[in-house]
> 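The structure that follows is given in the form of structure tokens.
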Amino acid sequence: MENLELEQVEKKVEEELSAVEDMNALQQTKANYLGKKGIIAQMMSNLKDLSIEARKELGMKSNLLKQSLERKFEEHRKFLEDKMIQKKLENERIDVTLPGVRFKCGTIHPLQKTIMDLEDLYIGMGYTVAEGPEIETDENCFEKLNLPKGHPARDMQDTFYIGPEWLLRSQTSPIQVRTMLAKEGKPIKIICPGKVYRRDADDATHSHQFMQCEGLVLGKDITMADLKGALLEMAKMMFGEDRKIRLRPSFFPFTEPSVEVDVSCAKCGGSGCAMCKNTGWIEILGAGMVNNNVLRMCGYDPNEIQGYAFGIGVERVTMLKYHIDDIRNFYINDVRFLNQFKEVK
Ligand code: DAH
């Protein structure tokens with residue numbers, strides 16, 4: 001092997017490297033020259049046939065060549081690596097002047113909004129939120145609320161039975177029953193929002209599934225004046241600060257006395273218009289003082305503790321608040337309807 005040959009090897013490597021564009025090719029080329037069976041290894045093994053002098057000289061030169069090649073391969077590796085990083089940076093460059101992508105964003109459903117507003121208001125007044133199952137026992141939904149089997153008031157809530165003792169709840173009042181039984185005679189201050197079901201034919205004002213938000217407050221010396229205060233605050237929050245309410249006698253089996261509650265018409269302010277059918281008042285809910293029978297059946301002594309309950313129809317107040325004329329709008333999920341509530345705070 002001559003000096004010339006060694007120089008040629010170095011040149012050849014340089015030439016080949018100039019065409020190497022990626023790491024795999026680099027590995028391959030490096031193996032061809034510096035690998036165990038590569039060209040340099042072969043050169044070294046040929047040395048054994050030479051004289052000692054020539055072996056010494058060529059051995060030294062081959063070693064130098066080997067080191068020089070190693071440097072060249074390393075330099076080229078660095079060069080390729082830099083190029084790759086450069087390319088990556090180029091590709092991933094962010095153009096901050098591009099307009100952003102707008103995400104389509106939904107909105108809180110108006111019924112959910114009403115429930116959140118009611119929860120905010122009543123939690124602020126010291127109530128807690130109680131929930132219960134939508135499949136209830138006849139016992140909790142009717143019996144313990146003073147509606148024994150055969151009671152005519154059951155007809156108004158004729159509902160979906162799953163068996164003789166199980167049904168989809170027709171009112172949220174069974175949550176009151178559950179809470180009373182769990183509290184074993186202690187004071188209570190809750191609201192109970194939730195879905196209810198009745199065997200109603202759907203039309204503009206009826207739905208077989210709708211929502212209620214009930215309230216129950218039991219304690220010493222709770223009176224109807226407290227009830228009136230709790231409902232007046234609600235009417236003001238939902239329909240405006242200058243709203244008034246009035247209580248009219250009514251009947252519910254679970255309250256005695258019972259009342260229907262009207263709010264002064266927000267549209268005409270009470271002077272009479274089409275919305276309030278010229279009466280100046282709009283009915284919004286039922287309420288009353290909890291019936292002694294209910295208290296006793298649920299483990300309370302009416303001589304010690306009494307209180308009030310109310311039941312807000314969530315659809316009803318939402319329809320009045322936002323002037324919605326068909327209850328079915330809440331459930332058919334038409335985005336054109338729902339989009340209108342994006343601005344509602
Ligand atoms: N549960 C009644 C209904 O569905 C509404 C109601 C009225 C609830 C008076 C009450 C109440 O808690 O005191 O028609």
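Residue numbers start at 1 and run along the sequence shown. Keep in mind it's a predicted model, so treat the numbers as computed, not measured.
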> How many angstroms lie between CG in L34 and NZ in K66, if you round to the nearest 0.5 Å?
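The CG atom of L34 sits 7.0 Å away from the NZ atom of K66.
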> Passes side-chain contact (heavy atoms from CB on, under 4.5 Å), R316 versus E283? Steps please.
CA-CA 9 Å; R316 174 131 183 90; E283 183 192 319; 4.3 Å; yes
> In terms of side-chain geometry, is the basic nitrogen of K78 or E75 positioned less than 4.0 Å from the acidic oxygen of its partner?
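No, no charged N to carboxylate O under 4.0 Å.
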> Looking only at atom types and distance, does a side-chain atom of N146 sit under 3.5 Å from a main-chain N or O of N293, one as donor and one as acceptor?
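Checking the backbone N and O of N293 against the side chain of N146, no donor-acceptor pair under 3.5 Å is found.
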> Any salt bridge between R336 and D334, counting N to O under 4.0 Å?
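Here R336 pairs with D334 in a salt bridge, since their nearest N and O are under 4.0 Å apart.
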> Does one side chain, of E315 or Y331, offer a donor that lies under 3.5 Å from an acceptor on the other?
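Present: a donor and an acceptor within the cut-off.
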> Walk me through whether Y322 and F341 qualify under ring-ring contact (aromatic ring centres under 6.0 Å, His included).
CA-CA 9 Å; Y322 300 113; F341 294 89; 5.3 Å; yes
> More than 12 non-hydrogen atoms from neighbouring residues, nucleotides or ligands closer than 6.0 Å to CD on E131, yes or no?
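No, because the 6.0 Å sphere around CD of E131 holds 12 heavy atoms or fewer from other groups.
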> Just by modelled atom types, is the A54 backbone N or O under 3.5 Å from a matching donor or acceptor in the S51 side chain?
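It does hold such a pair.
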> Given side chains that start at C-beta, do those of R199 and Q157 come closer than 4.5 Å, heavy atoms only?
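They are not in contact (no side-chain heavy atoms under 4.5 Å apart), so the answer is no.
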> Is E10 paired with K72 through a side-chain N to carboxylate O contact shorter than 4.0 Å?
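Salt bridge flag = yes for E10 with K72.
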> Are W281 and R248 side-chain neighbours, meaning at least one heavy-atom pair lies under 4.5 Å?
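Of all side-chain heavy-atom pairs linking R248 with W281, none is under 4.5 Å.
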> A side-chain contact here means heavy atoms from C-beta on lying under 4.5 Å apart; do M275 and C268 qualify?
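Sidechains of C268 and M275: no contact.
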> Using 30° and 60° as the class limits, which term best fits the ring planes of H76 and F79: parallel, tilted or perpendicular?
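Tilted: the ring planes of H76 and F79 meet at 30° to 60°.
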> Less than 4.0 angstrom from a charged side-chain N to a carboxylate O is my criterion; do K11 and E15 meet it?
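A salt bridge is absent here (no side-chain N lies under 4.0 Å from a carboxylate O).
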> When rounded to the nearest 0.5 angstrom, what distance separates CD in E256 from CG in L295?
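Reported to 0.5 Å precision, the distance equals 12.0 Å.
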> Output the distance between atom CG (N140) and atom CG (L181), rounded to the nearest 0.5 Å.
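Rounded to the nearest 0.5 Å, the CG-CG separation comes out at 6.5 Å.
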> Side chains of Q306 and Y300: is there a donor and an acceptor less than 3.5 Å apart?
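Their side chains do not contain a donor-acceptor pair, so the 3.5 Å distance test is not met.
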> Salt bridge or not between E143 and R154? Use side-chain N to carboxylate O under 4.0 Å.
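Salt bridge flag = yes for R154 with E143.
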> Under a 3.5 Å cutoff, is there a donor and acceptor pairing between the side chains of D138 and Y161?
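A donor-acceptor contact under 3.5 Å links the two side chains.
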> Does a donor on one side chain sit under 3.5 Å from an acceptor on the other, for T318 and T114?
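Yes, side-chain donor-acceptor contact under 3.5 Å.
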> Are more than 12 heavy atoms from other residues, nucleotides or ligands located less than 6.0 Å from atom CD of Q27?
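Open: at most 12 neighbouring heavy atoms sit under 6.0 Å from CD of Q27.
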> Given Y127 and E119, is the side-chain hydrogen bond (donor to acceptor under 3.5 Å, both in side chains) satisfied, shown in steps?
CA-CA 9 Å; Y127 291 65; E119 286 181 352; over 6 Å; no
> For the residue pair F337 and F330, categorise the inter-ring angle as parallel (less than 30°), tilted (30 to 60°) or perpendicular (more than 60°).
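Perpendicular, since the angle between the ring planes exceeds 60°.
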> How long is the gap from CG on N329 to CG on L338, to the nearest 0.5 Å?
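Going from CG on N329 over to CG on L338, the span is 9.0 Å.
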> Could you tell me whether a side-chain N or O of S258 sits under 3.5 Å from a main-chain N or O of F252, the two making a donor and an acceptor?
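A pair under 3.5 Å: yes.
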> Testing the 3.5 Å rule here: is there a donor-acceptor pair between the side chains of Q176 and E214?
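Note: Q176 and E214 side chains meet the donor-acceptor criterion.
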> Closer than 4.0 angstrom, basic N to acidic O: yes or no for E165 and K149?
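Yes, charged N to carboxylate O under 4.0 Å.
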> So F73 and L26, do their side chains get closer than 4.5 Å, heavy atoms only?
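Result yes, sub-4.5 Å side-chain heavy-atom pair found.
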> Would you check if the side chain of R169 reaches a backbone N or O of V196 as a donor-acceptor pair within less than 3.5 Å?
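No, the answer is negative, given that no donor and acceptor are paired below the 3.5 Å cut-off.
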> Give a yes or no on whether a salt bridge exists between R178 and E136, defined as a side-chain N under 4.0 angstrom from a carboxylate O.
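Answer for the salt bridge query: yes.
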> So does A235 get a backbone contact from the side chain of R243, meaning a donor-acceptor N/O pair under 3.5 Å?
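No: the side chain of R243 does not pair with the backbone of A235.
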